[in-house]
Amino acid sequence: MTTFTLPARQPFNFHNAVRSHGWYQVTPFHYDEAASLLTYVLRLSTGKVVELRLTPATDGIQVETAALTRAEQAEASDRVDWMFGLQRDFSDFYAATRHEPKLAHVEPNAYGRVLRSPTFFEDVVRTILTTNTLWAATKRMTLNLVNQFGDPLPNDSNRRAFPTPERLAGASEEQLRNETRLGYRSPYLIELARRAASGELDLEAFKTSDLPTLELRKELLKIKGIGAYAAANLLMILGRPDFIPIDSWAAKMVSHEWHDGQPVTPAEVESHFEQWGQWKGMAYWFWNWSYQG
DNA sequence: GGTAGACCTGGACGC
DNA sequence: GCGTCCAGGTCTACC
């Protein structure tokens with residue numbers, strides 16, 4: 001057993017960071033809210049599969065996992081640091097929200113962080129599985145994918161890590177359609193996995209890219225299955241909240257907030273948050289909506 | 001650059 | 001039981 005603590009830049013709220021995005025509900029994440037325990041099945045670069053048990057600690061996160069070598073612990077630390085964005089600085093965003101009653105709850109609750117997957121490949125796959133479907137179907141498709149292509153925990157074959165690009169690259173389109181039930185998304189995932197596995201597409205480099213956000217968005221839109229919504233969602237994950245992930249939920253919220261429940265266009269959704277500039281996506285994400293339906 | 005139509009799936013809904 | 005609609009959209013063809 002290995003236990004260590006990772007510090008977070010303050011303010012930090014473990015529960016709000018976990019729930020900032022729906023990923024915590026989707027395997028191989030699992031959140032026990034009563035116990036404030038987030039678990040995640042991680043495949044290390046050596047191929048070793050471990051369960052991470054993450055709980056709030058004083059000023060950060062406590063990580064409990066299987067016995068690890070020094071190098072493995074360093075890798076696990078880096079992964080958790082990225083997943084929570086532990087050192088991210090939101091002071092400029094907080095300063096901007098102090099004049100907006102609809103965002104008054106943001107700073108006191110340390111909102112801003114978005115829970116993300118350890119690899120950007122995983123976040124791209126997850127995002128493709130959120131498009132044009134119900135949230136329940138997103139969870140089911142991801143579960144099928146993990147169960148069929150993920151490496152198991154050594155002592156519990158029912159719990160598996162998220163599949164690697166290499167593993168998915170070896171799957172067939174028919175397999176993903178007929179067994180994983182991904183529908184028309186199947187060829188998108190096969191192409192993505194093959195490009196990532198071959199090195200043609202370096203998805204992990206997106207995390208540290210120096211490209212301006214507009215250019216980075218163009219690169220994301222080149223990926224089959226990634227459109228305006230998905231690109232905005234992935235840019236949020238990358239810490240570039242310049243765009244709003246406009247989906248049917250966003251349209252509904254904006255419609256009731258400012259248009260008396262009437263249908264709104266994506267341009268109208270954007271226009272309400274234009275003043276927030278580089279924080280546009282965050283202002284939308286954490287807005288205190290009047291409509292709760 | 002803007003827009004209509006097709007696209008997998010499966011749960012909700014009306015009949 | 002059965003048909004239709006639609007959801008945390010995107011792609012392609014066409015104008």
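We name chains A, B, ... by the order of the sequence lines, and we start the count at 1 in each one.
Judged as a side-chain hydrogen bond (donor to acceptor under 3.5 Å, both in side chains), and not counting sequence neighbours, the contacts of A:Asp89 are A:Ser91. By the side-chain hydrogen bond (donor to acceptor under 3.5 Å, both in side chains) test, A:Asn144 pairs with no residue at all, sequence neighbours left out.
Checking A:Thr119 against A:Lys207 by side-chain atom types alone, no donor-acceptor pair falls below 3.5 Å.
Among the heavy atoms of the strands lying under 4.0 Å from A:Ala228 are primed sugar atoms or P, OP1, OP2 only; no base atom is included.
C:dT10 sits 16 Å from C:dC6 when the C1' atoms are compared, rounded to a whole Å. For C:dA7 and B:dC8, the C1' atoms lie 12 Å apart once the distance is rounded to whole Å. Separation of the C1' atoms belonging to C:dC5 and B:dA6 is 16 Å when rounded to the nearest angstrom.
Of the possible donor and acceptor atoms, one in the side chain of A:Glu268 sits under 3.5 Å from a partner among the backbone N and O of A:Thr265.
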Q) Pairs counted as Watson-Crick or G-U wobble with both distances under 3.5 Å: what dot-bracket string results for DNA chain B, using | for bases tied to another strand? A) |||||||.|||||||
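We find that the ring of A:Tyr229 and the base of C:dG9 do not stack by the test of centres under 5.5 angstrom and planes tilted less than 30°.
Taking atom CG of A:Leu129 as the reference point, atom C1' of C:dT10 lies 14 Å away to the nearest angstrom. Between A:Met253 atom CE and C:dA7 atom P there is a gap of 13 Å when expressed in whole angstrom units. When rounded to the nearest whole Å, the span between CD1 of A:Ile246 and P of C:dA7 equals 16 Å.
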Under 3.5 Å, which donor-acceptor pairs do the side chains of residues 208-219 of chain A form with other protein atoms, sequence neighbours left out?
unit_1	atom_1	unit_2	atom_2	d
A:Ser209	OG	A:Leu211	N	3.0
A:Thr213	OG1	A:Arg240	NH1	3.2
A:Glu219	OE2	A:Lys222	NZ	2.9

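A:Phe84 and A:Phe93 fall within a single hydrophobic cluster, where Ile, Leu, Val, Met, Phe, Trp and Tyr are joined by side-chain heavy atoms under 4.5 Å apart, directly or via other members.
In this structure, A:His21 has its ring center under 6.0 Å from that of A:Trp285. Between A:Phe273 and A:Trp258, the ring center distance clears the sub-6.0 Å criterion.
Aromatic ring pairs are classed by plane angle as parallel below 30°, tilted from 30° to 60° and perpendicular above 60°; the pair A:Phe14 and A:Phe12 is perpendicular. Using bins of under 30°, 30° to 60° and over 60° for the plane-to-plane angle, the ring pair A:Tyr188/A:Tyr184 lands in the perpendicular bin.
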Q: Go through A:Phe121 and A:Glu204 one step at a time and tell me if the side chain to side chain contact (heavy atoms under 4.5 Å, CB included) criterion holds.
A: CA-CA 7 Å; A:Phe121 170 74; A:Glu204 302 316 306; 3.8 Å; yes
Give me, pair by pair, the N or O atoms of the protein and of nucleotides 11-15 of chain C that are less than 3.5 Å apart, along with how far apart they are.
unit_1	atom_1	unit_2	atom_2	d
C:dC11	OP1	A:Gly225	N	2.7

Under 3.5 Å, which N/O atoms of the protein pair with N/O atoms of nucleotides 7-11 of chain B?
unit_1	atom_1	unit_2	atom_2	d
B:dC8	O5'	A:Arg177	NH1	3.1
B:dC8	O4'	A:Tyr184	N	3.1
B:dC8	O2	A:Arg185	NH1	2.8
B:dC8	N4	A:Asn132	O	3.4
B:dC8	N4	A:Asn132	ND2	2.8
B:dG10	OP2	A:Arg181	NH2	3.3

